[in-house]
Amino acid sequence: FMGIYYDFPASDTSSIAVKFESYSSPTEIEDHMHRHYEFILVTRGACIHRFRDVEVPLIAGDVFIVPPHDNHGYTVTSKTVISNCYFFPERIGQRSDYVTSGTYQQSAISTGLENVKAQWDNLLLTVSLRDADADGPALTTDNLSKQGIIHLAPAQAMDVEHLLHRIEQEHINMQYDSEYMKAAILQMILVIFKRARTNMPQRPVAPPEQKKQLILNSLIFLEQNFASALTVKQIADASSLSESYFRTVFKEVTGLTPLDYLNRIRVVKALEYMQGNGLSISDAAAKAGILDVNYFSRLFKKIIGYSPRYFKKIPAAPQKKQED
């Protein structure tokens, strides 16, 4: 399988380009690859992402990086906005000498930027958003980690979206040294990702795979019983762990609290019930385990970015065609 390659979206010699994709109806984005880096931020809505041999439901605030020659694709079943940034880090590094030579007279200043490419590589490695053991055995219930998803706080996601629009304006206006300005803005974005990842709970000395195995039964329990009224203790009991220790380990492995993880499952399932089964908002919420419709609507909008009423106007997703 050779794979389908998408070209760099900029028609000029840019090393950085951005694209804002808005989907108002069910859409299938074929599996494809790039010869450049790409990071994706879901700014509104939700979709299913195929990457690294697993499918993961993404919600607003989820971000991840796709390296060159890695295959991925999407199934969009609801109103969704996805922000994409494409870039060649090796070209970005080449810009430093040009800018400094035209700005500073002292040659000593430019020597401090000789390792810009190495700095970019280090930054990308840090924010690659992937666990060190990601090539090892994958748990089907731990696909967020396998794909390297980081969930940004709303303020962080808004900052990134604003900076992406700044890159877009620099590209449109093409002012003096716009390429270097775009590189500087992109570096700010990557630092936001780095901070978000750094702020995630640090993994203990025990191997990550061992931690995953500790909560595996609880993850399976959540997938099978999300519609039931659950307490954290009940979820912890599935893995035979104390509630306090379970809370710690669960967040170390998934990046989410047990209840946040459960709510993510419930909201995504409710969206499937509304779109795929045509259920009403209240029926979908109840089937997903949330009986208070007002609470469900608030939770849904917090996680997805839209009120559930938006999705009742969108036709159900068609059957997936086997064209690949």
Seminar exercise, completed: Partner of F39 under ring-ring contact (aromatic ring centres under 6.0 Å, His included), picked from F193, Y86, F64, is F193

For this session: May I ask you to decide whether K287 forms a salt bridge with D283, counting only side-chain N to carboxylate O separations under 4.0 Å?
Result: no

Seminar exercise, completed: To the nearest 0.5 Å, atom NZ of K269 lies from atom CD1 of I290 at 13.5 Å

For this session: Among H34, E38, E30, find the residue that satisfies the side-chain hydrogen bond (donor to acceptor under 3.5 Å, both in side chains) test when tested with Y6.
Result: E30

Exercise. What heavy-atom pair brings S22 and V81 nearest, and what distance separates the two atoms?
Worked result: OG-CG2, 4.0 Å

For this session: Ignoring hydrogens and angles, tell me if any N or O in the side chain of T27 forms a donor-acceptor pair with the backbone of V76 under 3.5 Å.
Result: no

Seminar exercise, completed: Rounding to 0.5 Å, atoms NE2 (H162) and CD1 (I185) come to a distance of 8.5 Å

Exercise. Quick one: does D70's side chain get under 4.5 Å of R52's, heavy atoms only?
Worked result: yes

For this session: For ring pair (Phe, Tyr, Trp, His ring centres under 6.0 Å), just list the numbers for Y5 and H69, CA-CA rounded to whole Å, side-chain angles, deciding distance to a tenth of an Å, and then say yes or no.
Result: CA-CA 8 Å; Y5 276 88; H69 315 297; 5.7 Å; yes

Problem set entry | E28/R50 salt bridge by N-O under 4.0 Å criterion | yes

Problem set entry | Beyond-backbone contact of L222 with L230, side-chain heavy atoms, under 4.5 angstrom | yes

Problem set entry | Pairing residues for F226 by the ring-ring contact (aromatic ring centres under 6.0 Å, His included) criterion, not counting sequence neighbours | none

Problem set entry | Check: T43 and F20 side chains under 4.5 Å, non-hydrogen atoms | no

Exercise. Roughly how far, to the nearest 0.5 Å, is the CG atom of N263 from the OH atom of Y295?
Worked result: 4.5 Å

Exercise. Under the 3.5 angstrom rule, does the side chain of T80 hit a backbone N or O of Y23 as a donor-acceptor pair?
Worked result: no

Exercise. Do the side chains of N294 and R298 get nearer than 4.5 Å, heavy atoms only?
Worked result: yes

Problem set entry | Nearest heavy-atom neighbours spanning A270 and A284 | O-CB, 3.6 Å

For this session: Looking only at non-hydrogen atoms, find the nearest pair between S239 and I215 and report the distance.
Result: OG-CA, 3.5 Å

For this session: Treating Ile, Leu, Val, Met, Phe, Trp and Tyr as nodes and any side-chain heavy-atom pair under 4.5 angstrom as an edge, say whether V63 and M188 lie in one connected cluster.
Result: yes

For this session: Sort out for me which residue in V191, L164, I16 forms a side chain to side chain contact (heavy atoms under 4.5 Å, CB included) with L186.
Result: I16

For this session: Apply the test side-chain contact (heavy atoms from CB on, under 4.5 Å) to residues I189 and C85: give CA-CA distance (whole Å), side-chain angles for both, the deciding distance (0.1 Å), then the verdict.
Result: CA-CA 10 Å; I189 292 173; C85 182; 5.7 Å; no

Problem set entry | Reference residue V18; test side chain to side chain contact (heavy atoms under 4.5 Å, CB included); the match among L163, I167, N84 | I167

Exercise. Would a distance-only check, ignoring hydrogens and angles, find a side-chain to backbone donor-acceptor pair under 3.5 Å from S15 to F88?
Worked result: no

Problem set entry | Reported CD-to-CD distance for the pair E243 and Q234, which is rounded to 0.5 angstrom | 10.5 Å

Problem set entry | Contact check, side chains of F250 and L219, non-hydrogen atoms, under 4.5 Å | yes

Seminar exercise, completed: For N71 and H32, the nearest pair of non-hydrogen atoms, with its separation, is OD1-O, 3.2 Å

Problem set entry | Side-chain heavy atoms of Y261 within contact of R264, under 4.5 Å | no

Exercise. Between A236 and S242, what is the shortest heavy-atom contact and its length?
Worked result: CB-O, 4.3 Å

Seminar exercise, completed: Shortest non-hydrogen pair, E161 vs L41, comes out as N-CD2, 4.4 Å

Problem set entry | Passing option when K182 is tested against H171, E170, Q169, Q187 for side-chain hydrogen bond (donor to acceptor under 3.5 Å, both in side chains) | H171

Exercise. Could you walk me through whether D237 and K233 pass the side-chain contact (heavy atoms from CB on, under 4.5 Å) check?
Worked result: CA-CA 6 Å; D237 286 345; K233 186 179 185 306; 3.2 Å; yes

Exercise. Under 4.5 Å between side-chain heavy atoms, hopping through other hydrophobics if needed: is there a path connecting L259 to Y245?
Worked result: yes

Exercise. Which of parallel (below 30°), tilted (30 to 60°) and perpendicular (above 60°) describes H49 and H72?
Worked result: perpendicular

Exercise. Got D159 and I192 here, is their nearest side-chain heavy-atom distance under 4.5 Å?
Worked result: yes

Problem set entry | Atom pair CE/CZ of M274 and F300 - distance to nearest 0.5 Å | 4.0 Å

Exercise. To the nearest 0.5 Å, how far apart are CD1 in I29 and OG1 in T75?
Worked result: 7.5 Å

